[in-house]
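Each remark here refers to the structure printed beneath this line.
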Amino acid sequence: MEILHEIDEIKEIRRSISDSVLGFVPTMGALHGGHLALIEQSVKKCDKTIVSIFVNPTQFGAGEDYEKYPRNVEEDLKKCGDAGVDYVFLPTNSTIYGQQAPLIVLKVLPELSSILCGKSRPTHFDGVVQVVSIFFNIIRPDVAFFGEKDYQQFIIVKKLAENFHLPIEILSVPTVREPNGLAKSSRNCYLSDSEKSSAANIYKILLEVKQRADSARFDRLAIPVEFVENEARRRLKSLVPNIEIDYLEIRNTFDLSKSRFLMKDSRIFIAVYIGQTRLIDNLYIGA
Ligand code: AMP
């Protein structure tokens, strides 16, 4: 496995493997089973795999956890080596963004950027598309892998590739969970043991809503989305009284649009605060 820091090194490598199908897994490090599932898919589907480890400052808002975000490069490199990664790209902020603030930036329009996570993190997805497009231009992968865990991000990156006609296939990988159902996340290290068991109720609620959607489909009933959302919020609050729900919404899985009644291809999205920690999750519920 080669560890690369400079853009020129990446370009040189890309030239030397121009005939290979290159898979790319962008990460912010503190790697866990979720990241490893993405890497596993890339190693399986592509000739070569490159992983980036970069805590991207532009996707963090003021007062968010950029400074204290977990960083553990030595362990990350070992995990990448064991997983069969060919290259790890470890750039610095100035390698990616230069010494001065950029004069050209990308913007995600409000239809996608001001809903769900964008409501409380209004500049987050602009930062994501900025860094992802820079990575795509440097690395020129054939395939890029994103987790369903950050489903809104996956949809936005898919749109980025589509709108800019990028010759890159954007693939999603199902969410990897702890045995209690909690979606694996680098931020789970902020949780105490009791907060972790409280957090397991998030997935429980997602499953309950899926069950509700399954029976609605079976009974051919038209059920108002708002009713299901309110019921799920109430249930979650009763299971974890001190939880703060940022959003709990059912939307279309392809374009994140809302409908009045449970429709086929629905997905439930949730973001909560448990103590100081913000957690997100989502599940395809069909209906
Ligand atoms: P991050 O390091 O949090 O930016 O995540 C890097 C990639 O790993 C993103 O595409 C995430 O969606 C994905 N990812 C993070 N957690 C999980 C998980 N539990 N299951 C699947 N993919 C994940």
Side-chain angles (χ1 to χ4, degrees), residues 23-46 49-61 64-66 68-73 75-77 79-80 83 85 88-91 93 96 116-117 121 124-136 139 141 143-161 168-191 196 199-200 202-203 206 253 256 267 269-271 277-284:
F24 173 40
V25 180
T27 82
M28 298 205 299
L31 301 184
H32 51 68
H35 299 111
L36 296 178
L38 271 60
I39 291 171
E40 192 184 316
Q41 283 301 308
S42 178
V43 169
K44 199 164 102 189
K45 291 199 160 84
C46 304
T49 290
I50 181 165
V51 171
S52 62
I53 299 176
F54 179 61
V55 184
N56 173 38
T58 66
Q59 70 189 70
F60 288 79
E64 289 186 357
D65 57 344
Y66 174 70
K68 73 163 191 175
Y69 195 84
R71 289 160 171 88
N72 207 337
V73 173
E75 262 186 45
D76 288 348
L77 291 176
K79 287 177 183 165
C80 286
V85 169
V88 178
F89 185 28
L90 274 176
N93 286 350
I96 295 299
L116 301 174
C117 282
R121 307 185 76 191
H124 173 65
F125 292 110
D126 291 342
V128 168
V129 291
Q130 188 77 4
V131 77
V132 166
S133 57
I134 291 170
F135 275 130
F136 281 176
I139 294 170
V143 191
F145 295 84
F146 290 84
E148 272 185 21
K149 156 86 180 2
D150 302 277
Y151 194 82
Q152 188 175 7
Q153 167 175 278
F154 161 66
I155 291 288
I156 288 174
V157 172
K158 238 178 130 54
K159 269 286 158 224
L160 170 77
I168 302 170
E169 190 181 3
I170 310 296
L171 294 183
S172 68
V173 177
T175 301
V176 177
R177 300 176 179 283
E178 302 289 354
N180 69 3
L182 173 63
K184 285 187 187 255
S185 162
S186 306
R187 289 190 168 98
N188 289 354
C189 69
Y190 302 151
L191 298 170
K196 273 185 193 147
I202 299 168
Y203 186 51
L206 298 185
T253 199
L256 307 186
R267 184 175 282 269
F269 296 87
I270 187 164
T277 309
R278 187 169 187 279
L279 299 171
I280 61 171
D281 205 342
N282 67 85
L283 188 68
Y284 181 79

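Atoms within each ligand, like the ligands themselves, are counted from 1 in listed order.
We find that K45 and E40 are not joined by a salt bridge, their nearest charged nitrogen and carboxylate oxygen being 4.0 Å or further apart. Ion pair E178/K196 not flagged as a salt bridge, since none of the NZ, NE, NH1 or NH2 atoms sits closer than 4.0 Å to an Asp/Glu carboxylate oxygen.
By the criterion of a heavy-atom distance under 4.0 Å, neither the backbone nor the side chain of V25 is placed next to ligand 1. Under 4.0 Å from ligand 1, the heavy atoms of P174 that appear belong solely to its backbone.
Taking only nitrogen or oxygen atoms, main chain and side chain alike, T175 does not reach within less than 3.5 Å of ligand 1. Ligand 1 has no nitrogen or oxygen under 3.5 angstrom from a nitrogen or oxygen of A183. Remark: ligand 1 and D150 share an N or O pair separated by less than 3.5 Å (distance only, no angle test).
A donor-acceptor contact shorter than 3.5 Å is absent between the side chain of N180 and the backbone of A200. The backbone N or O of L191 lies less than 3.5 Å from no partner atom in the side chain of T277, so there is not a single donor-acceptor pair. When atom types are taken as modelled, the side chain of T253 and the backbone of R267 share no donor-acceptor pair closer than 3.5 angstrom. A donor-acceptor pair is defined here as one N or O able to donate and one able to accept, closer than 3.5 Å; no such pair exists between the side chain of S52 and the backbone of F54. In this structure, D281 contributes its side chain and I270 its backbone to no donor-acceptor pair below 3.5 Å. Of the possible donor and acceptor atoms, one in the side chain of K79 sits under 3.5 Å from a partner among the backbone N and O of L31.
The nearest heavy-atom contact from the protein to atom 18 (C) of ligand 1 is G34 CA, 3.5 Å. The protein non-hydrogen atom at the shortest distance from atom 20 (N) of ligand 1 is V176 N, 2.9 Å. Here the heavy atom of the protein found nearest to atom 16 (N) of ligand 1 is H32 CE1, 3.2 Å. The closest protein non-hydrogen atom to atom 3 (O) of ligand 1 is Y69 OH, 3.8 Å. The protein heavy-atom contact nearest to atom 10 (O) of ligand 1 is G147 N, 2.9 Å. Ranking the protein heavy atoms by distance from atom 1 (P) of ligand 1 puts H35 NE2, 3.6 Å first.
Ligand 1 is never approached by G33 to a heavy-atom distance shorter than 4.0 Å. Assignment of R177 to the shell around ligand 1 is not supported, since no heavy atom sits closer than 4.0 Å.
A distance of 6.0 Å or more separates the ring centres of Y66 and Y69. Taking the ring centroids of F24 and F145, they lie at or beyond the 6.0 Å cut-off.
With ligand atoms numbered from 1 in the order given, ligand 1 contributes 1 (P), 2 (O), 4 (O) to contacts under 4.0 Å with heavy atoms of M28. Under a 4.0 Å criterion applied to the non-hydrogen atoms of L38, ligand 1 contributes the atoms 7 (C), 8 (O), 10 (O), 13 (C), 22 (N). Listed by number with element, the atoms of ligand 1 under 4.0 Å from a non-hydrogen atom of T27 are 2 (O), 6 (C). Of all atoms in ligand 1, numbered sequentially from 1 with element shown, those under 4.0 Å from a heavy atom of P26 are 6 (C), 7 (C). Listed by number with element, the atoms of ligand 1 under 4.0 Å from a non-hydrogen atom of K184 are 16 (N), 17 (C), 18 (C), 19 (N). Which parts of ligand 1 touch F146 is read off a 4.0 Å heavy-atom cut-off, strictly below it: atoms 10 (O).
When each of R278, R187, R121 is tested with E64 by the rule salt bridge (charged side-chain N to carboxylate O under 4.0 Å, His left out), just one qualifies, namely R121.
A donor-acceptor pair shorter than 3.5 Å cannot be found between the side chains of Y151 and T175.
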